[in-house]
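Reading through the structure tokens given below for one structure.
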Amino acid sequence: MSDRLTVFKTYKLYVGGKFPRSESGRVYEVTDSKGKWLANAPLSSRKDARDAVIAARKAFGGWSGATAYNRGQVLYRVAEMLEGRRDQFTREVADAEGLSKSKAAAVVDATIDRWVWYAGWTDKIAQVVGGGNPVAGPFFNLSSPEPTGVVAVLAPQESSFLGLVSVLAPVIATGNTAIVVASENSPLPALSLAEVLATSDVPGGVVNVLSGRTAEIAAPLAAHQDVNAIDLAGADEVLAKELEIAAADNLKRVLRPQPVDYAETPGTDRLTAFLETKTVWHPTGSLGASGSSY
């Protein structure tokens with residue numbers, strides 16, 4: 001009996017709920033920690049980045065307008081799907097990060113738990129950062145958080161799965177839409193995550209995943225007038241400075257790169273990083289001659 005030939009997987013981008021190849025037709029080789037070839041990944045172009053922004057903007061109204069509870073349900077469904085593909089992600093993380101199977105499995109478990117953690121925050125963050133404000137005058141003054149808009153996310157370079165989810169999940173949990181630039185050398189877990197998102201309840205365009213050269217893809221995103229914010233987690237010091245300068249042109253909100261232990265339980269910093277605060281004033285009015293008000 002002859003040995004069967006392995007069916008190699010063709011990895012594609014994820015833009016607007018579909019799986020296109022890069023419009024440039026380019027690919028690049030992805031290798032494991034020992035230099036062994038794993039796959040050819042799409043090498044995204046500036047045009048791919050612009051297409052992703054269009055898709056994210058189109059999806060923003062529906063996603064931000066959904067109830068926070070509904071967003072939590074959708075994110076929890078993603079965790080369910082990740083659990084079902086645990087073995088696949090364990091293999092990909094082991095190859096990407098040079099980990100043993102047991103250590104990679106622990107990373108995948110932590111990643112799924114992290115997704116569930118953020119899913120639980122969708123309908124709670126408003127109570128933490130919003131509320132009534134005491135003001136001098138006959139007014140109700142209420143503040144509530146609202147999503148910033150379209151957020152470009154440069155995924156961490158070394159933590160290909162746990163780090164990726166740690167920067168992506170809080171962005172969409174709070175109602176933003178995202179363009180993710182996967183880890184340049186280890187993009188396969190991110191591209192496989194896109195397949196999970198497509199078969200979950202996440203509307204097309206809410207998350208868009210691009211692979212390729214981080215600097216090449218990030219430059220047009222940082223300068224794009226319809227991108228509202230950018231997370232520079234995956235940028236080195238030199239690239240981060242260049243992107244900050246480009247982002248200043250339309251006053252993008254910028255989250256600078258910082259040392260993070262993604263294994264630690266996150267706080268609410270990334271949940272609030274891409275939220276704006278809306279404050280509403282309303283007159284109380286008077287009740288009767290006593291001057292009491294409501």
Side-chain angles (χ1 to χ4, degrees), residues 52-53 55-76 78 114-135 140-156 163-181 197 202-203 205-208 221-222 224-235 240 243-244 247-258 260 262 264-282:
V53 174
R57 176 59 62 191
K58 185 176 180 180
F60 176 70
W63 184 242
S64 62
T67 64
Y69 179 74
N70 179 244
R71 286 199 298 270
Q73 290 178 307
V74 171
L75 264 63
Y76 189 81
V78 174
R114 182 65 46 82
W115 198 281
V116 173
W117 193 84
Y118 277 117
W121 269 104
T122 57
D123 59 354
K124 301 174 183 66
I125 190 66
Q127 284 72 45
V128 174
V129 299
N133 306 310
V135 295
F140 291 124
N141 183 260
L142 305 173
S143 292
S144 60
E146 292 196 342
T148 296
V150 174
V151 181
V153 179
L154 309 190
L164 165 71
V165 166
S166 296
V167 298
L168 170 61
V171 169
I172 63 173
T174 48
N176 299 289
T177 55
I179 301 107
V180 178
V181 181
L197 297 172
V202 181
V206 170
V207 178
N208 306 274
L221 291 174
H224 202 295
Q225 297 296 301
D226 204 25
V227 173
N228 302 107
I230 186 168
D231 184 342
L232 302 178
L243 297 177
E244 279 192 76
D249 193 46
N250 76 331
L251 303 180
K252 284 182 183 63
R253 180 170 289 198
V254 176
L255 184 60
R256 294 178 175 86
Q258 51 200 296
V260 178
Y262 291 109
E264 295 293 325
T265 301
T268 58
D269 289 353
R270 288 192 177 273
L271 283 165
T272 58
F274 302 115
L275 287 174
E276 308 291 344
T277 300
K278 178 179 72 175
T279 301
V280 177
W281 295 72
H282 192 281

Main-chain N/O of Leu75 paired with Trp115 side-chain donor or acceptor, under 3.5 Å: yes

Leu275 and Ile125, any side-chain heavy atoms less than 4.5 Å apart: yes

Distance-minimising heavy-atom pair for Pro156 and Tyr262: CG-OH, 3.2 Å

Counterpart residues, ring pair (Phe, Tyr, Trp, His ring centres under 6.0 Å), relative to Trp63 (two or more places apart): none

Separation of Trp281 CH2 from Leu142 CG (nearest 0.5 Å): 10.5 Å

Side-chain heavy-atom pair Arg270, Leu255 within 4.5 angstrom cut-off: yes

Over all atoms of both residues, closest heavy-atom pair of Asp226 and Val150: O-CB, 3.8 Å

Donor-acceptor pair, side chain of Thr268 and main chain of Leu271, under 3.5 angstrom: no

Flag side-chain contact, heavy atom, 4.5 Å: Val165 against Tyr118: no

Minimum heavy-atom distance between Gly205 and Ala59, given as atom pair plus value: C-CB, 3.5 Å

Closest contact, heavy atoms only, Phe60 versus Gly149: CE1-CA, 3.4 Å

Check: Asn208 side chain, Ala178 main-chain N or O, donor-acceptor pair, under 3.5 Å: yes

Donor-acceptor contact below 3.5 Å, side chain Thr122 vs main chain Ala68: yes

Nearest atoms (heavy-atom pairs only) where Ser64 meets Arg71: O-NH1, 3.6 Å

Within 6.0 angstrom of Lys124 NZ, more than 12 heavy atoms from elsewhere: yes

Partner of Val206 under side-chain contact (heavy atoms from CB on, under 4.5 Å), chosen from Leu197, Ile172, Asn176: Ile172

Distance-minimising heavy-atom pair for Val167 and Ala155: CG2-CA, 4.4 Å

Evaluation steps, side-chain contact (heavy atoms from CB on, under 4.5 Å), between Val254 and Leu232: CA-CA 7 Å; Val254 176; Leu232 302 178; 3.6 Å; yes

pair Glu244-Ile230: side-chain heavy atoms closer than 4.5 Å: no

Non-hydrogen side-chain atoms of Leu243 and Leu154 separated by less than 4.5 Å: yes

Identified side-chain contact (heavy atoms from CB on, under 4.5 Å) counterpart of Lys252 within the set Val227, Leu221, Val151: Val227

Gly163 backbone acceptor or donor facing Arg114 side chain under 3.5 Å: no

Distance-only donor-acceptor check, side chains Asn228 and Thr148, under 3.5 Å: no

